[in-house]
Amino acid sequence: MADSVTSDDQKFCLKEVLATFRLCLSENKEVYLEHYVAGWRELVKFLNTLGSVFGFISKDAVSKVQILVNLLKSENASQYKTIQSMVKYELDNQLVDLNKAGSHPTSGCRTLLRLHRALKWLELFLDSLRTSTEDSKTSVLCADAYNASLAKFHPWVVRKAAGMAFILLPGRQAFFEIMNVGTPEQVVAMLGEAIPLINEVYQITEALYAQHNILDLP
Ligand SMILES: CCCCCCCCCCCCC/C=C/[C@@H](O)[C@H](COP(=O)(O)O)NC(=O)CCCCCCCCCCCCCCC
């Protein structure tokens, strides 16, 4: 894995996202952090093709991915093999700010929770793209998915900025082209494969965080 999140400038391909989320799940349904992070790195590439208006979103995603990459190559890397082992290690060793922000602003648990919440947005957005028609507006699909998921965790100013950026999203056809898969039918088919995987990773993570009562980390 490259050290820097931004060092990889290959073209985005939805197939890669599918491949990384497929690799995420172990036989006993644990989530490999390395592949989870790789999935996000791939998604950030997509975001980076959309131009500077999306820079503030990309910057935040990159910084969170970078925190996890650093943990994955730290001296405690073996504790970060799966999301399950990360949660156990960080909680057992009091490495997480549980009630208010304090000395662990870059814990793996907190950082991953932000990406986990964004994963629900991604799932909803990809599903609405999958079932969209030629005249659907990506800006509306994106805003609907955002309002139904991530928005509730963001303050007004972030919601406002996100809403303004969505208006500048490319149309459905351009979107499908950036996915770099083939015909619209092929894109729809691949989305149909990717969404259940993303959903499974989301559900497993959600259940784990709920079990440890860490769904509201500051
Ligand atoms: C394709 C259009 C992309 C639209 C992205 C929709 C999500 C909008 C998120 C707006 C986040 C604004 C930036 C700031 C966020 C932070 O305040 C906030 C809280 O963090 P904190 O507790 O450390 O302060 N951060 C977050 O919630 C994490 C946001 C992570 C967003 C990642 C978005 C990646 C988008 C990838 C697009 C891929 C599209 C794929 C299509 C095939």
Side-chain angles (χ1 to χ4, degrees), residues 5 11-21 36-68 96-97 100-101 104-130 132 137-181 184 186-188 190-195 197-198 202 214-218:
V5 174
K11 229 173 145 190
F12 173 85
C13 182
L14 182 63
K15 205 171 170 185
E16 276 301 311
V17 177
L18 177 63
T20 50
F21 279 100
Y36 189 92
V37 164
W40 278 107
R41 291 172 73 135
E42 192 61 28
L43 290 163
V44 166
K45 277 193 215 168
F46 185 98
L47 202 51
N48 287 342
T49 65
L50 300 180
S52 55
V53 180
F54 295 85
F56 75 105
I57 303 175
S58 172
K59 216 173 142 199
D60 187 70
V62 165
S63 79
K64 289 182 167 55
V65 167
Q66 188 69 59
I67 289 170
L68 296 175
V96 186
D97 293 327
K100 69 177 174 66
H104 303 292
T106 56
S107 69
C109 287
R110 177 209 190 272
T111 304
L112 189 123
L113 177 62
R114 270 56 184 176
L115 294 177
H116 167 69
R117 291 167 175 169
L119 197 63
K120 179 47 89 178
W121 160 79
L122 181 74
E123 181 196 331
L124 295 176
F125 180 50
L126 293 183
D127 199 45
S128 64
L129 275 176
R130 185 183 67 83
S132 64
K137 287 203 173 341
T138 50
S139 55
V140 174
L141 304 181
C142 185
D144 287 349
Y146 175 72
N147 290 332
S149 57
L150 202 45
K152 63 173 171 282
F153 302 107
H154 288 164
W156 181 86
V157 63
V158 170
R159 292 203 305 270
K160 195 79 193 157
M164 280 158 62
F166 296 160
I167 295 169
L168 298 166
L169 278 173
R172 180 179 180 268
Q173 198 188 330
F175 231 90
F176 276 24
E177 277 162 26
I178 305 172
M179 290 199 206
N180 201 9
V181 169
Q186 288 171 310
V187 173
V188 166
M190 193 165 286
L191 287 174
E193 279 187 69
I195 292 163
L197 285 171
I198 292 172
Y202 178 86
I214 52 170
L215 278 166
D216 295 310
L217 294 177

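Remember, it's 1-based here, ligands and their atoms both numbered in the order they're listed. Just the heavy atoms: all of them, side chains too, but no hydrogens, waters or symmetry mates, feed the values below.
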Heavy-atom donor-acceptor pair, R110 side chain to P218 backbone, under 3.5 Å: yes
Shortest protein heavy-atom distance from atom 23 (O) of ligand 1, along with the residue and atom involved: K64 NZ, 2.9 Å
Which residue and heavy atom of the protein sit nearest atom 3 (C) of ligand 1, plus the separation: L47 CD1, 3.5 Å
R114 near ligand 1 by a heavy-atom separation under 4.0 Å: yes
Nearest-neighbour protein heavy atom for atom 29 (C) of ligand 1, which is reported as residue plus atom name and distance: D60 OD2, 3.7 Å
Contact with ligand 1 for K59, non-hydrogen, under 4.0 angstrom: no
Which residue and heavy atom of the protein sit nearest atom 30 (C) of ligand 1, plus the separation: A118 CB, 3.9 Å
Atom indices of ligand 1, in the order listed, that fall short of 4.0 Å to a heavy atom of V158: 12 (C)
Over all atoms of both residues, closest heavy-atom pair of T111 and K64: CG2-O, 3.4 Å
Ligand-side contact atoms (ligand 1) for residue partner L50, heavy atom cut-off under 4.0 Å: 1 (C)
Closest protein heavy atom (residue, atom, distance) for atom 40 (C) of ligand 1: L43 CD2, 3.8 Å
Heavy-atom neighbours of K120 NZ exceed 12 at 6.0 Å: yes
Partner of F176 under side-chain contact (heavy atoms from CB on, under 4.5 Å), chosen from V181, L14, L129: L129
Side chain S52, main chain G55, donor-acceptor under 3.5 Å: no
Where ligand 1 meets W40 - atom numbers and elements under 4.0 angstrom, heavy-atom basis: 32 (C), 34 (C)
L126 to ligand 1, any heavy atom closer than 4.0 Å: yes
For atom 27 (O) of ligand 1, closest protein heavy-atom neighbour: H154 NE2, 2.7 Å
N or O pair under 3.5 Å between W121 and ligand 1: no
Atom 21 (P) of ligand 1 [closest protein heavy-atom partner, distance rounded to 0.1 Å]: R110 NH2, 3.5 Å
Check: R130 side chain, V188 main-chain N or O, donor-acceptor pair, under 3.5 Å: no
Heavy-atom pair with the smallest gap, counting every atom of K11 and E42: O-OE2, 4.1 Å
Atoms in ligand 1 flagged as close to L169, the criterion being non-hydrogen separation under 4.0 Å: 1 (C), 2 (C)
Atom of P170, atom of I178 and distance for their closest heavy-atom approach: CG-CD1, 4.3 Å
Step-by-step side-chain hydrogen bond (donor to acceptor under 3.5 Å, both in side chains) determination, R172 to S132: CA-CA 9 Å; R172 180 179 180 268; S132 64; 2.7 Å; yes
Closest protein heavy atom (residue, atom, distance) for atom 39 (C) of ligand 1: F46 CD2, 3.6 Å
Ring centroid separation F166 to F125 under 6.0 Å: no
